[in-house]
Amino acid sequence: MQYAETEAKSRGCIMAQVDTLSFQAPLFYQKLGFEIIGTVPGTDKSPERYFLLKKY
């Protein structure tokens with residue numbers, strides 16, 4: 001992730017956006033400085049989805 005952020009900044013990017021499912025890694029991204037900006041509730045057939053944003 002650090003390499004990807006360094007490369008993005010060098011190319012003029014000002015933010016990064018990711019989305020992940022509840023069983024995957026929302027806490028992982030929050031520890032890296034991403035903020036949850038939205039969610040889609042889960043259902044019986046699909047887990048909750050998180051949308052995260054990090055500004056540089």
Side-chain angles (χ1 to χ4, degrees):
M1 284 299 294
Q2 183 61 47
Y3 176 80
E5 286 187 15
T6 300
E7 184 65 24
K9 290 175 191 177
S10 75
R11 294 177 182 213
C13 295
I14 59 171
M15 65 184 72
Q17 183 270 320
V18 297
D19 65 278
T20 188
L21 300 174
S22 58
F23 69 88
Q24 289 177 315
L27 292 177
F28 168 79
Y29 290 110
Q30 287 178 294
K31 288 179 183 178
L32 294 175
F34 285 79
E35 294 181 48
I36 295 173
I37 59 168
T39 60
V40 175
T43 66
D44 291 342
K45 296 182 181 184
S46 178
E48 188 171 20
R49 173 171 250 145
Y50 291 85
F51 296 90
L52 300 99
L53 182 72
K54 182 176 182 178
K55 296 179 183 177
Y56 302 132

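Here the structure is a predicted model, which is why all the values come from computation and not from measurement.
Criterion: ILVMFWY side-chain heavy atoms under 4.5 Å apart, direct or through other members. Under it, Ile36 and Val18 are part of a common hydrophobic cluster.
Among pairs with a residue in residues 27-48, those fulfilling ring-ring contact (aromatic ring centres under 6.0 Å, His included) read Tyr29-Phe34, at least two apart in sequence or across chains. Pairs passing the salt bridge (charged side-chain N to carboxylate O under 4.0 Å, His left out) check and including a residue from residues 27-46, sequence neighbours excluded, do not occur. A salt bridge (charged side-chain N to carboxylate O under 4.0 Å, His left out) check over residues 15-27, counting only residues at least two apart or in different chains, returns the pairs Asp19-Arg49.
Residues meeting the side chain to side chain donor-acceptor pair (under 3.5 Å) test with Tyr50, sequence neighbours left out: Glu48. By the side chain to side chain donor-acceptor pair (under 3.5 Å) test, Glu5 pairs with Lys54, sequence neighbours left out. Every residue two or more places apart in sequence or in another chain was checked for a side chain to side chain donor-acceptor pair (under 3.5 Å) with Thr43, and none qualifies. Contacts of Ile37 classified as side-chain contact (heavy atoms from CB on, under 4.5 Å), with partners at least two apart in sequence or in another chain: Phe51, Leu53.
Summarising the geometry of Pro26 relative to Leu52, their closest heavy-atom pair is O-CD2, 4.1 Å, with the distance given to 0.1 Å.
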Below 3.5 Å, can you tabulate the donor-acceptor pairs from side chains in residues 9-17 to any protein atom, sequence neighbours excluded?
from  : atom 1 : to   : atom 2 : distance (Å)
Ser10 : OG     : Glu7 : O      : 2.8
Arg11 : NE     : Glu7 : OE2    : 2.7
Arg11 : NH2    : Glu7 : OE2    : 3.1

